[in-house]
Peer 1: 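One structure coming up, written as structure tokens, with questions to follow.
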Amino acid sequence: MKAASVLGVARTMASKPGEAERTRRTSSSSVLEYASLLEGKYGEEGEKLIYKFTDRGGREVALRYDLTIPLSRVVAMYPELPKPFKCYQISPVWRADKPQRGRFREFWQCDADIVGSDSVLADAEIIAVIYHILKALTFTGFTIHINNRKILNGIAQGLGIAEDAVPAVLRIIDKLEQKGIEGVKEEMLEKGLAQTTVNAILELYDNTNGINIDFDYLKERFPNSPSLARGIKELEDMFSCLASLNIDKGNYCFDLSLARGLDYYTGPIFETTVDEPRIGSISGGGRYDNLIGMFNTAPLPATGSSFGLERIITVMEELNLSASGGSASEVLVAIFSPETEHESLSLLSLLRSAGIKAEMYLKQDKMKKQLAYAAGRKIPLVAILGPDEIRQDTVVLRDMSRGEQKTVSRREIVTVIQRELH
């Protein structure tokens, strides 16, 4: 039920007429990929977590590490896909990690991506998807942390850090919550950064120094960084879009400490945490404009986010949350008696052929119990065929929210149900 709820909200990405054909549920990757496809894209620490081996044909293969790189490969293989291309996918991935609470070697990722748009509107829409999915799952105490790799790159350049050393520095910064200031400082020094450089970096992250790290401060501190200026402008525009989308300001924030450890991010990045329990991030993603270009000669902008399904379920169980979506079914076809069963099957087929999401009650129970089943699963309508209705070629249609019912001609039942639903 919970996975279905995540899926259902992801479908809201195609909410306008004409967009449905541009939204796809993709199965972009097989369990196995060539190892060379995954290597060199996740960073030093990500590389250590890839399950790699040689198969019986002597090929170097690996279990997929995430869904983003396989999606990029598929998009590169099919350039005729209409753009922007919006998609969602839910599949298991594997990482040679140390199992612990909320962290597994095999787990399910739920991804939503937009390919072919370099606009901050696409990034804002991904943030909106994250927000509405968590709201639909009845989350309240969550925060979407937002940063921009261009800002981090600009800071690194402003402090004189060599370009080839920047990815490693960002991976260390990404461990701030885990290791704390002193732990991060120690690792930076071990990597060979000068003491003065380390002190300048950590000044931005030391909560005890009284400095308010916001966009204005960063502009004044690094006035000659075009990368930082572009990154700030992108986030200012994105936050303006989020306000117009009525995303609650209490559920997102600018967070300079967010770096996202994967090397392929190029712009806005985001990660979601919950107030309780302390389980780490439950979603993460960002813009990866250069990744698809690694698989062909035509770079293509892209942005997206992943949800960790097991972590979401763990949080929901600990907080005793339940998804608000109910059943995906729109109509329950009741069974009046054994004698009317086949007529009910015929009605079920009629509704499904018309694109109505219908299911049939599968036991011989009292009508009161069948209606209770529909109410419990939040199925909005119940269709009932008794002997009188069969003779008169009619159907009793019960609206569960209002507790009212009416008799409808069978030839009009599809039209009436569609009108009631929409």
Peer 1: Measure the NZ-CG distance between K233 and L228 for me, rounded to the nearest 0.5 Å.
Peer 2: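 Result: 14.0 Å between the selected atoms.
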Peer 1: Write down the atom of L381, the atom of M400, and the distance for their closest heavy-atom approach.
Peer 2: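 For L381 versus M400, the nearest heavy atoms are N-CG, 4.4 Å.
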Peer 1: Would you say the side chains of Y288 and D113 form a donor-acceptor pair under 3.5 Å?
Peer 2: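 Distance-only check passes for Y288 and D113.
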Peer 1: Closest heavy-atom contact between F215 and I151?
Peer 2: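 Where F215 meets I151 most closely, the heavy atoms are CE2-CD1, 4.5 Å.
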Peer 1: With ring-ring contact (aromatic ring centres under 6.0 Å, His included) as the rule and sequence neighbours excluded, what pairs involving residues 50-76 come up?
Peer 2: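 Every pair satisfying ring-ring contact (aromatic ring centres under 6.0 Å, His included) with a residue in residues 50-76: Y42-Y65.
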Peer 1: Any side-chain to backbone donor/acceptor pair from S117 onto S119? Under 3.5 Å, distance only.
Peer 2: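 Yes.
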Peer 1: Indicate whether the side chain of Y265 and that of R149 have a donor and an acceptor atom separated by less than 3.5 Å.
Peer 2: no
Peer 1: Could you give the distance from NZ (K150) to CD1 (I232), rounded to the nearest 0.5 Å?
Peer 2: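 Nearest 0.5 Å value for the NZ-CD1 distance: 12.5 Å.
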Peer 1: So, for V129 and A112, which heavy atoms are closest and what is the spacing to 0.1 Å?
Peer 2: CG1-CB, 4.3 Å
Peer 1: Please examine the side chains of Q109 and F307, heavy atoms only from C-beta on, and report whether any two atoms are closer than 4.5 Å.
Peer 2: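 No; the side chains remain at least 4.5 Å from each other.
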Peer 1: Hey, could you give me the CD1/CG distance between I384 and L397, rounded to the nearest 0.5 Å?
Peer 2: 8.5 Å
Peer 1: Specify the closest pair of heavy atoms between E47 and G40, including all atoms of both residues, with the distance to one decimal.
Peer 2: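 Heavy-atom minimum between the residues: OE2-N, 2.6 Å.
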Peer 1: If we count only N and O atoms by modelled type, under 3.5 Å, do the side chains of E163 and Q157 hold a donor and an acceptor together?
Peer 2: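 No pair is found: no donor N or O on one side chain lies under 3.5 Å from an acceptor on the other.
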Peer 1: Hey, mind stepping through F139 and V274 against side chain to side chain contact (heavy atoms under 4.5 Å, CB included) and telling me if it holds?
Peer 2: CA-CA 9 Å; F139 280 66; V274 291; 3.8 Å; yes
Peer 1: I'd like to know if K52 and E60 make a salt bridge, using a cut-off of under 4.0 Å between side-chain N and carboxylate O.
Peer 2: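 No.
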Peer 1: Quick one: do K41 and D263 satisfy salt bridge (Lys or Arg N to Asp or Glu O under 4.0 Å)? Show the steps, please.
Peer 2: CA-CA 6 Å; K41 301 177 180 70; D263 283 359; over 6 Å; no
Peer 1: Establish, from distance only, whether the side-chain atoms of T394 and E389 form a donor-acceptor pair under 3.5 Å.
Peer 2: no
Peer 1: With a 4.5 Å cut-off on side-chain heavy atoms, are E271 and I144 touching?
Peer 2: no
Peer 1: One pair to check against side chain to side chain contact (heavy atoms under 4.5 Å, CB included): L121 and E125. What are the steps and the verdict?
Peer 2: CA-CA 6 Å; L121 292 173; E125 187 167 9; over 6 Å; no
Peer 1: Check this for me, if you would: do R171 and D174 make a salt bridge, where the nitrogen-to-carboxylate-oxygen distance has to be below 4.0 angstrom?
Peer 2: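 Not counted as a salt bridge, because no side-chain N and carboxylate O are separated by less than 4.0 Å.
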Peer 1: About how many Å separate CD of E310 and CD1 of I282, when rounded to the nearest 0.5 Å?
Peer 2: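 It is 13.0 Å, given to the nearest 0.5 Å.
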Peer 1: Is there a donor in the side chain of D66 and an acceptor in the side chain of Y264, or the other way round, less than 3.5 Å apart?
Peer 2: yes
Peer 1: Let's go through R398 and E404 carefully: what are the C-alpha distance in whole Å and the side-chain angles of both, what is the deciding distance for side chain to side chain contact (heavy atoms under 4.5 Å, CB included) to 0.1 Å, and is it a yes or a no?
Peer 2: CA-CA 6 Å; R398 184 174 181 84; E404 300 172 355; over 6 Å; no
Peer 1: With a 4.5 Å limit on heavy-atom distance, are the side chains of E236 and S240 in contact?
Peer 2: no
Peer 1: Excluding sequence neighbours, so at least two apart, what forms side-chain hydrogen bond (donor to acceptor under 3.5 Å, both in side chains) with D55?
Peer 2: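 Counting only residues at least two positions away or on another chain, D55 forms a side-chain hydrogen bond (donor to acceptor under 3.5 Å, both in side chains) with R59.
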Peer 1: Taking atom types as modelled and ignoring hydrogens, do the side chains of D111 and S306 form a donor-acceptor contact shorter than 3.5 angstrom?
Peer 2: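 Per modelled atom types, D111 and S306 side chains form a pair under 3.5 Å.
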Peer 1: In terms of side-chain heavy atoms, does E234 have a donor or acceptor partner in N148 at a distance below 3.5 Å?
Peer 2: yes
Peer 1: Let's go through E341 and Q364 carefully: what are the C-alpha distance in whole Å and the side-chain angles of both, what is the deciding distance for side-chain hydrogen bond (donor to acceptor under 3.5 Å, both in side chains) to 0.1 Å, and is it a yes or a no?
Peer 2: CA-CA 10 Å; E341 188 176 278; Q364 299 294 330; 3.1 Å; yes
Peer 1: Distance from I417 atom CD1 to L421 atom CG, nearest 0.5 Å?
Peer 2: 7.0 Å
Peer 1: If we count only N and O atoms by modelled type, under 3.5 Å, do the side chains of E339 and S337 hold a donor and an acceptor together?
Peer 2: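 Yes, side-chain donor-acceptor contact under 3.5 Å.
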Peer 1: Hey, is the main chain of T303 close enough, under 3.5 Å, to the side chain of D123 for a donor-acceptor pair?
Peer 2: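 Checking the backbone N and O of T303 against the side chain of D123, no donor-acceptor pair under 3.5 Å is found.
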Peer 1: For L291 and S72, work out which heavy atoms get closest and say how close.
Peer 2: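 So the two residues come closest at CD2-OG, 3.5 Å.
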Peer 1: Before we go on, tell me: are the rings of Y252 and F239 under 6.0 Å apart, centre to centre?
Peer 2: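 So the answer is yes for these two rings.
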Peer 1: Do L37 and R73 have side chains that get closer than 4.5 Å, going by heavy atoms?
Peer 2: yes
Peer 1: Start with the C-alpha distance between R95 and E106, add both sets of side-chain angles, then the distance that settles salt bridge (Lys or Arg N to Asp or Glu O under 4.0 Å), and finish with yes or no.
Peer 2: CA-CA 7 Å; R95 296 180 186 177; E106 177 184 359; over 6 Å; no
Peer 1: How long is the straight-line distance from CH2 of W108 back to CD1 of I312, given to the nearest 0.5 Å?
Peer 2: 14.0 Å
Peer 1: Check the pair I146 / L235 against side chain to side chain contact (heavy atoms under 4.5 Å, CB included), numbers first and verdict last.
Peer 2: CA-CA 8 Å; I146 302 172; L235 291 195; 3.8 Å; yes
Peer 1: Using side-chain heavy atoms (C-beta onward) and a distance below 4.5 Å, is L256 in contact with I155?
Peer 2: yes
Peer 1: Answer whether the closest heavy-atom distance between the side chains of F295 and I69 falls below 4.5 Å.
Peer 2: yes
Peer 1: Is there a salt bridge (Lys or Arg N to Asp or Glu O under 4.0 Å) between E330 and K378 once you walk through the steps?
Peer 2: CA-CA 9 Å; E330 297 168 322; K378 300 183 181 178; over 6 Å; no
Peer 1: Is any side-chain heavy atom of V315 closer than 4.5 Å to one of P277?
Peer 2: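 Side chain of P277 against side chain of V315, heavy atoms only: contact under 4.5 Å found.
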Peer 1: Which heavy atom in K83 sits nearest to a heavy atom in Y78, and how many Å separate them?
Peer 2: NZ-O, 4.5 Å
Peer 1: Using a 3.5 Å distance criterion without hydrogens, assess whether the side chain of R311 forms a donor-acceptor pair with backbone atoms of I279.
Peer 2: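 Flag set: sc R311 to bb I279 pair under 3.5 Å.
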Peer 1: Restricting to side-chain hydrogen bond (donor to acceptor under 3.5 Å, both in side chains), what partner residues turn up for D255, sequence neighbours left out?
Peer 2: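 Counting only residues at least two positions away or on another chain, D255 forms a side-chain hydrogen bond (donor to acceptor under 3.5 Å, both in side chains) with H145, S257.
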Peer 1: Are side-chain heavy atoms of N251 and T143 found at a separation under 4.5 Å?
Peer 2: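 Side-chain contact under 4.5 Å: no.
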Peer 1: Is a side-chain N or O of D97 found less than 3.5 angstrom from the main chain of P99, in a donor-acceptor match?
Peer 2: no
Peer 1: Looking only at atom types and distance, does a side-chain atom of Q370 sit under 3.5 Å from a main-chain N or O of Y361, one as donor and one as acceptor?
Peer 2: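 Pair absent, no side-chain N/O of Q370 close to backbone of Y361.
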Peer 1: Without hydrogens or angle criteria, can the side chains of S227 and N153 be said to hold a donor-acceptor pair below 3.5 Å?
Peer 2: no
Peer 1: Just by distance, do the side chain of S353 and the backbone of S349 share a donor-acceptor pair under 3.5 Å?
Peer 2: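 Pair found, side chain donor or acceptor close to backbone of S349.
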Peer 1: How about R410 and S346: does a side-chain donor come under 3.5 Å of a side-chain acceptor?
Peer 2: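 Note: R410 and S346 side chains meet the donor-acceptor criterion.
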Peer 1: Salt bridge check, R377 against E359: does any charged N sit closer than 4.0 Å to a carboxylate O?
Peer 2: yes
Peer 1: Can you establish whether the number of heavy atoms outside K219 located under 6.0 Å from its atom NZ is more than 12?
Peer 2: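 Check passes, neighbour count above 12.
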Peer 1: Has Y217 got more than 12 heavy atoms of other residues, nucleotides or ligands less than 6.0 Å from its OH?
Peer 2: yes
